[in-house]
Protein chains: 2
Amino acid sequence: MNLEEIAELTGVSRSTVSRVINNDPNVNESTRERVWAIVRQVNFHPNAAARGLAAGRTRVLGLVIPMGVSALFTDPYFPILIQGVSSACNANDQSVMLWLAEPEYERRTIRQIMHSGLIDGAIVASMLMDDPVVQALAEGDLPFILVGRHPTNTRVSYVDTDNLDGARKMVAHLLRLGRSRVATITGPQNMIAGADRLAGYSAALHDRGLAVDLELIVEGDFTEAGGYSVMQRLLPRRPDAVFVASDIMAVGALRAIRDAGLRVPEEIALAGFDDMPFAERSEPPLTTVRQPTVRMGSTAVEMLIDLIEHPDSAPHRIILPTELVVRKSCGSDLQ
Amino acid sequence: MNLEEIAELTGVSRSTVSRVINNDPNVNESTRERVWAIVRQVNFHPNAAARGLAAGRTRVLGLVIPMGVSALFTDPYFPILIQGVSSACNANDQSVMLWLAEPEYERRTIRQIMHSGLIDGAIVASMLMDDPVVQALAEGDLPFILVGRHPTNTRVSYVDTDNLDGARKMVAHLLRLGRSRVATITGPQNMIAGADRLAGYSAALHDRGLAVDLELIVEGDFTEAGGYSVMQRLLPRRPDAVFVASDIMAVGALRAIRDAGLRVPEEIALAGFDDMPFAERSEPPLTTVRQPTVRMGSTAVEMLIDLIEHPDSAPHRIILPTELVVRKSCGSDLQ
DNA sequence: TATATTTATGGGAGCGCTCCCAGAAAGTAG
DNA sequence: CTACTTTCTGGGAGCGCTCCCATAAATATA
C-alpha cells in the first residue's frame, strides 16, 4: 500500500494524500477528511525509508551509550535514562536507535552511523572526560546532545545534573549537623560527574571557611566493592561523616563501617548520591541527592530535536537541579 | 557523496560500485580493490534510507519491551538482555531500534512500526501470558521472535530459559539437603516465567513422590516489598526451606525471616532465581539459579535474522539451560 | 574459425516518498 | 466583466540505492 494507491482510492492525487499525511494546511477540509478516512480504513502507514530518502530526515534519534564504563549497567541509571529518552521520543513522534558502543567498534561504527543517514541526530550518554566517541562526533556534522556536561569543548550542547550543587548542599547539610571531619569518597576523576561532585564537596567546605583536608578525600570507582575497600582506607583517619559520590559505593562503605564495629549514623554519618531505589531500603535508610534522570533524558530529546531543526543555533547548556533527600543515615533527626 | 560520485572517481559505473559495496563476487579483483580504496579514502557510507527503499530491507531490528511490567526495570534483567541483543546486532551488521512500549501506545504504535518498514523484524521481551503486543504482532506479517516462551500460540518462534528445569533442580537440591517443608514464593501467575518456575517446584516434589501442599505456595509479584510481605504470610506455616522465584523477592523474604528472629540457613533455607549481581553479596550469599540472559538476547537476534531470511521456515523454539549456583543461604555446606 | 559459455560491466527502471512549480478554481476588488 | 489574488490540486523530478537485463570482452568448446 502506498501513496499512489491511497490517491486512487480517494480520487485525489498522490500529492494531496502526502499533504494530508503531513498535516499541510493547504488542503480543503472535506478532502482532508475523506483522505484520512481511507488512510485509517486501510491502516496505511507511509514507508519510512522512502520518507527518509525523499525528505532527508528519518525521524530517528540515536542513543549512544559507550559501554566501556558500564559496569554501571548494573545500576539503574542507564535504564532510567533510556526510559526518559524513549518516552520523550514517543511523545515527539521519533524513534530511538540504541547504540551500546563497545570499545572496539567505537570509531569505526560512529563514522558509519554518522554518514549513513540512519539517524537525524544523537544523544550521547558518555561519562568520560574525553571520550573518543564524543571526539568523533564533534568532528562530524551530525547534530548531537551530550548527557553529562563537557568540561572543555564549548561548541557542544548538553544537559546535566547539577552535580556540584548537589554535592555542595549535601556536605553543607553534614556540616550543619555539627560534623567536623567530613570525608568524601569521590567518583573516578576522569568522569565529569566524579569531578563535579568533588568540586561541590570542596565548595561546601570553603563556604564555611574550612580548609580541605586531603587526607579525608579518597577516590572510588562507582562500584560497591570499591566503596568497601576505599572506606577501609578512610576509617583510620577518623572521619565523623562521609559524603560518598554514589549510592552504590555508599552501600559498600556502609558495610565497611559496620565490619569495623562502628555505627551509622551515631559514629559516622553517611550520605550518598543518586537516590537509587535501594537507597531508601538500606539499613539505615540512606540520605542522598536525587537527580532527575528521566527528565535529563527527555530534555536531551527536546534539545536534540531543536538542534536538528535549527542546526545553526548557539549551543545550549541545561543544568537540572538536584534535591536533597534526608533519611536516617546522617542522623539529622538525632541532632 | 553517493554511489554515482564514487563511480566517477573510480572510473567505473554505479552498478559496479554497488557490487563492491555489497561483496558481490562478480567483480574483477583489481576493480574491487580500486573501488574499495576510494570508498575508504573518502569515507563513503551508503545511504541507509535509499538502501532500505531499494532493497526492501533496512537491516534494523526492533527490540520491543512492553513497559507495563517493568517495575522490572529496577532489576538488571532487561539491561542485560538489551546488551545481549545489541552486541549480537553489532556482530551481524544490524542496528537496534528500541521500543519501550508504554501501555497506551501499544496497539497504535505496533501497527505503525509494523507497516512503516522501519524494521525488518522484532524481538519482543514480553513477560505476560497474553500480551496485546504479541497478539498484534501475531496478526501481522512482520517476523518476530519472543524472548520468553508463548504458552499457547504454536506458530511463534521463541527463545527462553528453562525456567521449569531450573526451579526443579533447585527444589530437588533443597529436598536432597533434607528439608521437608519446602515452600515457594512464586512469581505472578500471569507471567510465563512465574508459572514455569512454579511448575518446576511441583515437578521436583512429584519426582520424590511428595504431594504439593498448597499452604506452602504463595504468589509474589517479583518485587522486594512483595517478597517481604508474602514471606510474613508464609512464616506461621513453618517452612524449613523456601524457594523464591526471583532474587529480588528473595532479598525481601530474607529480611522478613530475619525480622521474625529466625536464621538463614539454619532454620530456613532460602533459594532464589536469576543470579542477580547482588545475590552473591547478600548476607548470607544467596543460592540461586543462573540464567543465560545475554545469550538469550544474542540467540534471539540470530533466530530473527534467520527468520527474516527464511520467512517460511517452521517456528523455532530454543530453551536455554540454567545452572544451579549453590551459596550459603541454603546451608548445603552445613549438612 | 565459428560458436557457446563464462566473466565483468553498464545503464534503465523503479522502490515510495517530498518538494516544487504550474495551473485550475474560487474569491475579491476595481 | 475583467484583473488580480488566494486557495487548492496535480504531476514531474529526484532522493540514492538495488535489481535485472543487455552487452562487451575473455575464455572455452566444437
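Residue numbers start from 1 in every chain, and the chains themselves are labelled A, B, ... in the order their sequence lines are given, proteins ahead of strands.
- Contact annotation: B:T16 side-chain N/O to C:dA8 OP1/OP2 distance is not under 4.0 Å.
- The CG atom of A:N28 sits 19 Å away from the P atom of C:dA24 (whole-angstrom rounding).
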Heteroatom pairs (N/O) under 3.5 angstrom, protein to nucleotides 17-19 of chain D:
unit_1, atom_1, unit_2, atom_2, d
D:dC17, OP1, B:N47, N, 3.3
D:dC17, OP2, B:L3, N, 2.8
D:dT18, OP1, B:N22, OD1, 3.3
D:dT18, OP1, B:N22, ND2, 3.0
D:dT18, OP1, B:R51, NE, 3.0
D:dT18, OP2, B:S18, OG, 2.5
D:dT18, OP2, B:N22, ND2, 3.4
D:dT18, O4, B:R14, NH1, 2.5

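- What separates CD of A:E29 from P of D:dT9 is a distance of 10 Å, to the nearest Å.
- The interatomic distance linking B:L53 (CG) with D:dC15 (P) rounds to 13 Å, in whole Å.
- No donor-acceptor contact under 3.5 angstrom links the side chains of A:N28 and A:R34, judged on distance only.
- For the atom pair CZ of B:F44 and CD1 of B:I6, the computed distance is 5.5 Å after rounding to the nearest 0.5 Å.
- By the salt bridge (Lys or Arg N to Asp or Glu O under 4.0 Å) test, B:R149 is found to be paired with B:D196, residues two or more places apart in sequence or in another chain being considered.
- A straight line from CZ of B:R57 to P of D:dG16 spans 23 Å, rounded to a whole angstrom.
- At a threshold of 4.5 Å between non-hydrogen side-chain atoms, the residues A:Q94 and A:L304 do not count as touching.
- To the nearest 0.5 Å, atom CD1 of residue B:I145 and atom CD1 of residue B:I123 are 7.5 Å apart.
- Rounded to 10°, the angle separating the first-five-pair axis and the last-five-pair axis of the helix from C:dT1-D:dA30 to C:dG30-D:dC1 equals 40°.
- Here CG of B:D120 is found 5.0 Å from CD1 of B:I308. Values are rounded to the nearest 0.5 Å.
- The nearest whole Å value for the distance from the CZ atom in B:R59 to the P atom in D:dG16 is 21 Å.
- Using a 4.0 Å heavy-atom cutoff across all strands shown, A:N26 reaches at least one base atom of the nucleic acid.
- Residue B:T10 holds its OG1 atom at 11.0 Å from CD of B:E5, rounded to the nearest 0.5 Å.
- A distance of 9.0 Å separates CZ in B:R32 from CG in B:N26, rounded to the nearest 0.5 Å.
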